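Convention: sequence-line order gives letters A, B, ...; per-chain numbering from 1. None of these values were measured; they are calculated from a predicted model. Heavy-atom basis, side chains included; hydrogens, waters and symmetry copies ignored.
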Number of protein chains: 4
Amino acid sequence: MSDTPPPVRTPRWTRRSDARPHEIVAAALTLFAERGFAATKLEDVARAAHISKGTVYLYFPNKESLFRAVVRQELLPNVERIEAMIAAHQGSAADMLRMIASQMLQVIDTQVAGIPKLVLAESGNFPEIARFYAEEVVGRGIRLFTRILRRGVERGEFRPIEPMHLLPTLVGPMAMMVMWRHSIGRHSDLRFDTRAVIETHIDLLLRGLRPEPGA
Amino acid sequence: MSDTPPPVRTPRWTRRSDARPHEIVAAALTLFAERGFAATKLEDVARAAHISKGTVYLYFPNKESLFRAVVRQELLPNVERIEAMIAAHQGSAADMLRMIASQMLQVIDTQVAGIPKLVLAESGNFPEIARFYAEEVVGRGIRLFTRILRRGVERGEFRPIEPMHLLPTLVGPMAMMVMWRHSIGRHSDLRFDTRAVIETHIDLLLRGLRPEPGA
Amino acid sequence: MSDTPPPVRTPRWTRRSDARPHEIVAAALTLFAERGFAATKLEDVARAAHISKGTVYLYFPNKESLFRAVVRQELLPNVERIEAMIAAHQGSAADMLRMIASQMLQVIDTQVAGIPKLVLAESGNFPEIARFYAEEVVGRGIRLFTRILRRGVERGEFRPIEPMHLLPTLVGPMAMMVMWRHSIGRHSDLRFDTRAVIETHIDLLLRGLRPEPGA
Amino acid sequence: MSDTPPPVRTPRWTRRSDARPHEIVAAALTLFAERGFAATKLEDVARAAHISKGTVYLYFPNKESLFRAVVRQELLPNVERIEAMIAAHQGSAADMLRMIASQMLQVIDTQVAGIPKLVLAESGNFPEIARFYAEEVVGRGIRLFTRILRRGVERGEFRPIEPMHLLPTLVGPMAMMVMWRHSIGRHSDLRFDTRAVIETHIDLLLRGLRPEPGA
DNA sequence: TATGAATGAGTATTCATTCAT
DNA sequence: AATGAATGAATACTCATTCAT
């Protein structure tokens, strides 16, 4: 309605400064996952993020808080995505397991897949990160799988079973593959065919969970 | 003539030449497993071994070689013990799996059980340790389980299956429990009933491996 | 509006990128020459250069490379200056010797004059510094003096003489004075009148080199 | 006179324990001369003397006192020998100089010849050693040469000359040769023909000291 | 006496953090 | 905002010295 054109203002932030924190976190994730917290130099993080050492401190008060940001920011979106996917799903419990497995396959080679190993490695030095992970990842995972198992039992797909006893069997092999890929596997000639392994795993699971013939 | 007993002198130190190296390795294992290589101070290792900083250097030329010693010396005896046990065994393949599982249960709370996590965590910084572990632990484990699976198939206990695809499922859950216990589990309220978990795992395995009815 | 001047802040430090390396080398030279390589603490070097320990490492990767820089950087310019001076000179060989002697007199109380003693002292620990000095200082010195002697013979100032046999006599007394001044002489009451000594030396040389009357 | 044989007693000392201190000093001299005081480890000295670290401390309260012993014990006998030799001599002053020169030639490759360089190098850290050397070696050397020069003048061999101005010229070249041989010379290809150098030096000296024709 | 294991003060070096530019 | 020079606390490692044997 006014004829005066809006004053050409320098925007309060630039694309740069907006993207920075995440670029730093991404660079840090790679290095922390590769070398661990203590062995990672902030200078290397800065270089990997194409900025200078001092700039890191404009966004994170210190190395520890950067570490926490790495774990917290990168993890939750993924957890939530899978939760949502499952919540929206209507098919069989077996299909739900297959869905999760296929998610695993998609994530296994990304940065994020380095976090579990990182959390494992640093839980002695960052107990609250360990707790955070136990609650926000493992705990939610437990609830997720418990729901799937219960659904399977209700639908007659699975025989009844105590979820807390089965969970490590359910998740362990996939977690194993993820961590192997981001640690020893990088330096050894031993190769696992991830897809085949996970398919075999799901197959074995489903056979092992089949209801007793007489029940 | 005097009744006063000779003063009980506590010598500042005593010679332990033979025992020392292992005492140091043991102390180091605890700390490395807890904090990682970089975050562990040699002074703390020394204190934990009830000796002084300098003494560590009488037995190990530097921190890295102590680290290597920790992984190499503590691991092999355990691997060999299990191998021997299986080699001597004459029963069913199922029993062999149960034996290994029970070994797991016995080891899970000892120092040694911290090593896998340690190796995982440091494989980026010590590639040759990663390779060593891949060959001497994972590789030998693969051969061991492959033998057991083959025996199971031959005896009609298991249906035929590609061992390399099954292995992570076989080992993953147990490895998971071991690492959980030595990392996140220490700082979280989440508890798994290790024995029940492993029994459930073996049970599911055996069900899942049952030969097809019609085969 | 306020009369109070802005507070005069003394910054904790200022950027000196360009000047730093030389300041450090200068400080190091003084201390190395006084105490030797091993007995000189980098912290003292830093303090002498009015910087902190860490700053030294911004410019030199370690103590040894600082040591090498001290010897190499400080020495060559002086050698080259004298060479140039002689090259430019047109007069008698005797005058050339006098010129060199007068250069000695000017340098003897500066930092640089501490280097020969330092190189002598450390040649066992730094063989390649010894070689460097042998080639770049002694070797060039030999060529320089050889040229002067030959010129003297050609001009009829000197009797013929084998330069390599005469050189220590030519240089020794001056070198002696330099090193004395930077070592024992500092802690003893014995004093030599440097100028008189060198004049006497040159005088004796010229007399001793006079052509045989009958030749 | 007595028939009872003398009791077979264990001697209060053994050859070993008597020789030890000197063996240690000799080993120490070699190493100190080669590496300097700070860079020489007592363990190396012990090894070179074929004893153990602890044994050194039975004879010397600490490293410094060993260092002082090295300089003091090894030097004085040599100085005194030369003094005595000159005192006993009756011939010309020129012969005296030749005698000293020939002594130099004999000593130059022995351990002792490393001491001057050592004293030079360490005078900053051991001022009292510097003083000791200045007095007991340089001072006595000055008196010795002064006497020789005076004698030469009295006998008409030399023209009158101020000894303190001539001394560095007299001694410098020989000192030079000694120190070169024990430092840079060890690591360079440059070789001096010691004998020829010293003969040339003496020759030049005698020519340069010849009385003026008209005097 | 002699040994060499043990000690711990002392130093080189690293790197998170600060701050002048 | 961004930089990277400067800082100094922290830590691996050394080695003179002590002392149980």
Side-chain angles (χ1 to χ4, degrees), chain A residues 10 13-14 16-17 20 37-47 50-64 66, chain B residues 9-20 38-46 49-64 66, chain C residues 9-18 20 38-46 49-64 66, chain D residues 13-14 16-17 20 37-47 50-64 66:
Chain A
T10 313
W13 41 260
T14 63
R16 258 321 53 189
S17 61
R20 277 285 149 79
F37 176 78
T40 297
K41 300 174 213 169
L42 270 204
E43 177 137 33
D44 292 343
V45 172
R47 196 185 352 270
H50 305 295
I51 56 176
S52 77
K53 232 176 342 160
T55 305
V56 176
Y57 283 87
L58 296 178
Y59 298 96
F60 301 92
N62 54 41
K63 196 183 174 185
E64 285 202 17
L66 172 58
Chain B
R9 285 180 314 130
T10 318
R12 280 211 281 145
W13 44 264
T14 53
R15 302 203 157 192
R16 306 293 314 280
S17 260
D18 291 342
R20 282 280 189 259
T40 297
K41 300 173 221 167
L42 269 206
E43 180 138 29
D44 292 345
V45 172
H50 305 294
I51 55 178
S52 76
K53 229 177 345 155
T55 303
V56 176
Y57 285 90
L58 294 179
Y59 299 94
F60 301 92
N62 53 45
K63 197 182 172 186
E64 284 203 18
L66 173 58
Chain C
R9 285 181 315 128
T10 318
R12 280 213 279 144
W13 44 262
T14 54
R15 303 204 157 192
R16 306 294 312 282
S17 260
D18 290 344
R20 283 279 189 259
T40 298
K41 300 173 223 168
L42 269 206
E43 180 137 30
D44 292 343
V45 172
H50 306 294
I51 56 178
S52 78
K53 234 175 343 153
T55 302
V56 176
Y57 285 89
L58 294 179
Y59 299 94
F60 301 92
N62 53 45
K63 198 182 169 185
E64 283 202 20
L66 172 58
Chain D
W13 41 262
T14 62
R16 266 306 65 183
S17 60
R20 276 284 150 77
F37 177 78
T40 296
K41 301 173 213 171
L42 271 202
E43 178 136 33
D44 291 344
V45 172
R47 196 184 353 270
H50 306 295
I51 56 176
S52 77
K53 232 178 343 159
T55 305
V56 176
Y57 283 87
L58 297 177
Y59 298 95
F60 302 92
N62 54 43
K63 196 182 175 186
E64 285 202 18
L66 172 59

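To the nearest angstrom, P of dA5(F) lies 18 Å from OH of Tyr57(C). When the P atom of dG4(F) is taken as reference, atom CD1 of Ile51(A) falls 11 Å away, rounded to whole Å. Taking atom NZ of residue Lys41(A) and atom C1' of nucleotide dT13(E), one finds them 12 Å apart after rounding to whole Å. Rounded to a whole Å, the CZ atom of Arg47(A) is 12 Å from the C1' atom of dG4(F). Protein atom CG of Asp44(B) is 13 Å distant from nucleotide atom P of dA10(F), rounded to whole Å. Counting to the nearest Å, the C1' atom of dT14(F) and the CG atom of Leu58(B) are 11 Å from each other. Straight-line distance from the CG atom of Asn62(C) to the P atom of dT13(E): 5 Å, rounded to whole Å. Distance, Leu42(B) CG to dA12(F) P: 5 Å, rounded to whole Å.
What you find for Ala38(C) and Ala39(D) is that their closest heavy atoms are CB-N, 4.1 Å. Contact between Ala46(B) and Ser52(B) at its shortest, heavy atoms only, is CB-C, 3.6 Å.
Remark: Thr55(B) is not in phosphate contact with dA5(E), judged by side-chain N or O atoms under 4.0 Å from OP1 or OP2. For Arg20(B), a side-chain nitrogen or oxygen approaches OP1 or OP2 of dA6(E) to under 4.0 Å.
Contact of Lys53(D) with dT17(F) (side chain to base): a donor-acceptor pair of N or O atoms is detected under 3.5 Å.
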Pairing annotation in dot-bracket form, given for DNA chain E with Watson-Crick or G-U pairs under 3.5 Å and | for cross-strand partners = .||||||||||||||||||||
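The side chain to side chain donor-acceptor pair (under 3.5 Å) check on Glu64(D) picks up Arg68(D), with sequence neighbours excluded. Residues satisfying the side chain to side chain contact (heavy atoms under 4.5 Å, CB included) test with Tyr57(A), not counting sequence neighbours, are Leu42(A). Taking Thr40(A) as the reference, nothing meets the side chain to side chain donor-acceptor pair (under 3.5 Å) condition, with sequence neighbours excluded.
Within the nucleic acid shown, Tyr59(C) comes within 4.0 Å of sugar-phosphate atoms alone, with no base atom in reach, counting heavy atoms only. Among the heavy atoms of the strands lying under 4.0 Å from Thr14(C) are primed sugar atoms or P, OP1, OP2 only; no base atom is included.
Heavy-atom distances to DNA chain F give each of Lys63(B) and Gly54(C) a nearest nucleotide, and the one nearer the 5′ end belongs to Gly54(C). Mapping Val56(C) and Glu43(B) onto DNA chain F by nearest heavy atom places Val56(C) closer to the 5' end of the strand. Toward the 5′ end of DNA chain E lies the nearest nucleotide of His50(B), the other residue of the pair Pro61(C) and His50(B) mapping further downstream.
When each of Leu58(D), Ile51(D), Val56(D) is checked for a side chain to side chain contact (heavy atoms under 4.5 Å, CB included) with Arg20(D), only Ile51(D) meets the rule.
Taking CD from Glu43(B) and NZ from Lys53(B), the interatomic distance works out to 5.0 Å, rounded to the nearest 0.5 Å.
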